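Protein chains get the first letters and strands the later ones, always in sequence-line order, with residue 1 at the start of each. Since this is a predicted model, take the numbers as computed values, not measurements.
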Number of protein chains: 2
Amino acid sequence: MNQRATRQRRAVDAVLAEVDDFRGAQEIHDVLRRRGDSVGLSTVYRTLQALADSGEVDVLRGADGETRYRRCSQGHHHHLVCRDCGRTVEVEGPAVERWMDSVAARHGFHDVAHTLEVIGTCAGCHPG
Amino acid sequence: MNQRATRQRRAVDAVLAEVDDFRGAQEIHDVLRRRGDSVGLSTVYRTLQALADSGEVDVLRGADGETRYRRCSQGHHHHLVCRDCGRTVEVEGPAVERWMDSVAARHGFHDVAHTLEVIGTCAGCHPG
DNA sequence: CCTCTCATGAGAATGATTCTCATTCTGATC
DNA sequence: GATCAGAATGAGAATCATTCTCATGAGAGG
């Protein structure tokens, strides 16, 4: 957040602070409306985008095309996400980072970035 | 492709066979129309999806939300994509696969899948 | 309290993708 | 080669997340 502190931004922030999973914009908008602390959908989108730009939240694009957000720890990391309940674990992989950099360099690529997400079924959701 | 062989499917297949980069459905639809071998947009989408389901093409979801397809080699691999010209290099990383599996297992996750894409600027597009 | 802006939000607009369904075509059979 | 059932097609409507528009509202400093 770079600019004015408004009720709406505080509200969106609050929701993100309460949950530990990735949430979609519409979902957050619903939570706020049900809670009686309604915020316009456009504003939810704008706020989320601002938070993502400033690096305060991580973004994840699901297979269904919906973009989800989550307040994460600061450093660079990746996610292990449960496909059923959405439980999220942050993981680091320095070796993987190095591998990606070296592969990119070997092929003459510069300014590399990457996306790496692992999805599975967590122990709690696994039948057995 | 699992079912009947139609002109439309052959046409889409042909376009995919000609290019080496990831292409969007609309893009393929345009190419076909310009070429005079027009195919309905719905059909292009359907065909691409069928090809993706059968594993004949790889799918990549860009930051702009458009889904792109590419005929790739069979085995499991990842992509190094140029953000400017779209040039694509297939890469393998057995060590990375192992790392992801072990991390998932350590956290009690089953049936894991993953996405790993590296984007950068290729040598040809790099200014300097 | 004023004012200068940035922020908000209702609704329209966008853009990719999917759905509908009447029509056409493929592939198997005679 | 003629038939036929069911699969495939495609034009346009529908969907859905997201973005845009712009008139109105509200921080923050003076």
Side-chain angles (χ1 to χ4, degrees), chain A residues 1-16 19 21-54 56-70 81 86 115 117, chain B residues 1-16 19 21-54 56-70 81 86 115 117:
Chain A
M1 232 71 101
N2 42 10
Q3 303 274 19
R4 298 181 180 172
T6 63
R7 171 185 72 79
Q8 289 84 345
R9 290 183 182 174
R10 258 177 268 121
V12 171
D13 238 25
V15 174
L16 287 171
V19 296
D21 305 335
F22 280 88
R23 303 286 174 168
Q26 321 235 18
E27 202 175 343
I28 292 174
H29 175 254
D30 278 350
V31 170
L32 290 169
R33 187 155 43 65
R34 272 198 295 275
R35 172 182 300 188
D37 196 11
S38 201
V39 172
L41 184 56
S42 302
T43 301
V44 173
Y45 272 106
R46 271 189 296 243
T47 303
L48 252 15
Q49 219 158 30
L51 287 168
D53 287 346
S54 73
E56 289 187 61
V57 302
D58 276 10
V59 180
L60 200 54
R61 184 114 47 158
D64 60 356
E66 195 183 357
T67 304
R68 275 171 253 267
Y69 306 82
R70 175 179 188 263
V81 183
T115 64
E117 307 293 342
Chain B
M1 228 73 100
N2 42 9
Q3 304 273 21
R4 298 181 179 173
T6 64
R7 171 184 71 79
Q8 290 84 344
R9 290 184 181 172
R10 259 176 268 121
V12 171
D13 239 25
V15 174
L16 288 171
V19 297
D21 305 335
F22 280 88
R23 304 285 174 168
Q26 321 234 18
E27 201 175 343
I28 293 174
H29 175 252
D30 279 350
V31 170
L32 289 169
R33 188 155 42 65
R34 271 198 295 276
R35 173 180 300 187
D37 195 12
S38 200
V39 172
L41 185 54
S42 303
T43 301
V44 173
Y45 272 106
R46 270 188 298 243
T47 303
L48 252 15
Q49 220 158 30
L51 287 169
D53 287 346
S54 73
E56 289 188 62
V57 302
D58 276 10
V59 179
L60 200 54
R61 184 116 45 159
D64 59 356
E66 195 183 356
T67 304
R68 275 171 254 267
Y69 305 82
R70 175 178 188 265
V81 183
T115 64
E117 306 293 342

Undergrad: Between D:dT18, C:dT5, C:dT17, which nucleotide has the shortest distance from any of its atoms to the side chain of A:Arg4?
TA: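 Per side-chain heavy atoms of A:Arg4, the pick is C:dT5.
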Undergrad: Expressed in angstrom and rounded to an integer, what is the separation of B:Gln3 atom CD from D:dA7 atom C1'?
TA: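 Going from CD in B:Gln3 over to C1' in D:dA7 covers 7 Å.
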Undergrad: For C:dA16 and B:Arg68 - does any side-chain N or O of the residue sit under 4.0 Å from the phosphate oxygens OP1/OP2?
TA: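 So the side chain of B:Arg68 is outside the cut-off, no N or O lying under 4.0 Å from OP1 or OP2 of C:dA16.
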Undergrad: How long is the line joining CD of B:Glu66 and P of D:dC16, in whole Å?
TA: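 The distance from CD of B:Glu66 to P of D:dC16 comes to 21 Å, rounded to the nearest Å.
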Undergrad: Rounding to an integer number of Å, can you tell me how far B:His29 NE2 sits from C:dA16 P?
TA: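 Atom-to-atom, B:His29 to C:dA16, this comes out as 13 Å.
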Undergrad: Are B:Val15 and B:Arg35 side-chain neighbours, meaning at least one heavy-atom pair lies under 4.5 Å?
TA: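 B:Val15 reaches B:Arg35 side chain to side chain.
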Undergrad: Under 4.0 Å, counting only non-hydrogen atoms across every strand here, what does B:Thr6 touch: a base, just sugar-phosphate, or nothing?
TA: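 Answer is sugar-phosphate: B:Thr6 comes under 4.0 Å of backbone atoms only.
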Undergrad: Would you say C:dC19 has OP1 or OP2 under 4.0 Å from some side-chain N or O of B:Ser42?
TA: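 For C:dC19, OP1/OP2 do not have a side-chain N/O of B:Ser42 under 4.0 Å.
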Undergrad: Would you call A:Arg10 and A:Asp13 a salt bridge, taking side-chain N to carboxylate O under 4.0 Å as the test?
TA: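 Salt bridge: no.
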Undergrad: Return the 5'-most residue of the pair A:Gly40, B:Gly65 with respect to DNA chain C, ranking by each residue's nearest nucleotide.
TA: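 It is A:Gly40 whose nearest nucleotide is closer to the 5' end.
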Undergrad: May I ask you to evaluate whether A:Gln8 reaches the phosphate of D:dA26, defined as a side-chain N or O under 4.0 Å from OP1 or OP2?
TA: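 No, because none of the side-chain N or O atoms of A:Gln8 sits under 4.0 Å from OP1 or OP2 of D:dA26.
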Undergrad: For D:dA17, does either OP1 or OP2 sit under 4.0 Å from a side-chain N or O belonging to A:Gln26?
TA: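 Checking D:dA17 against A:Gln26, a side-chain N or O does come within under 4.0 Å of OP1 or OP2.
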Undergrad: Which part of the nucleic acid, if any, lies within contact of A:Gln49, taking any heavy atom under 4.0 Å across all strands shown: a base, the sugar-phosphate backbone alone, or nothing?
TA: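 Sugar-phosphate contact only.
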Undergrad: How many Å lie between OH on A:Tyr45 and P on C:dT14, as a whole number?
TA: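 About 18 Å, once rounded to whole Å.
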Undergrad: For B:Arg46, which contact category applies under a 4.0 Å heavy-atom criterion: base, sugar-phosphate, or nothing?
TA: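 Counting heavy atoms under 4.0 Å across all strands, the contact made by B:Arg46 includes a base.
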Undergrad: Give a yes/no on whether any side-chain N or O of A:Arg7 is located under 4.0 angstrom from OP1 or OP2 of C:dG9.
TA: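 Answer is yes, contact under 4.0 Å.
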Undergrad: For B:Arg9 and C:dT24, what is the distance between atoms CZ and C1' respectively, to the nearest whole Å?
TA: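 My rounded result for the distance is 14 Å.
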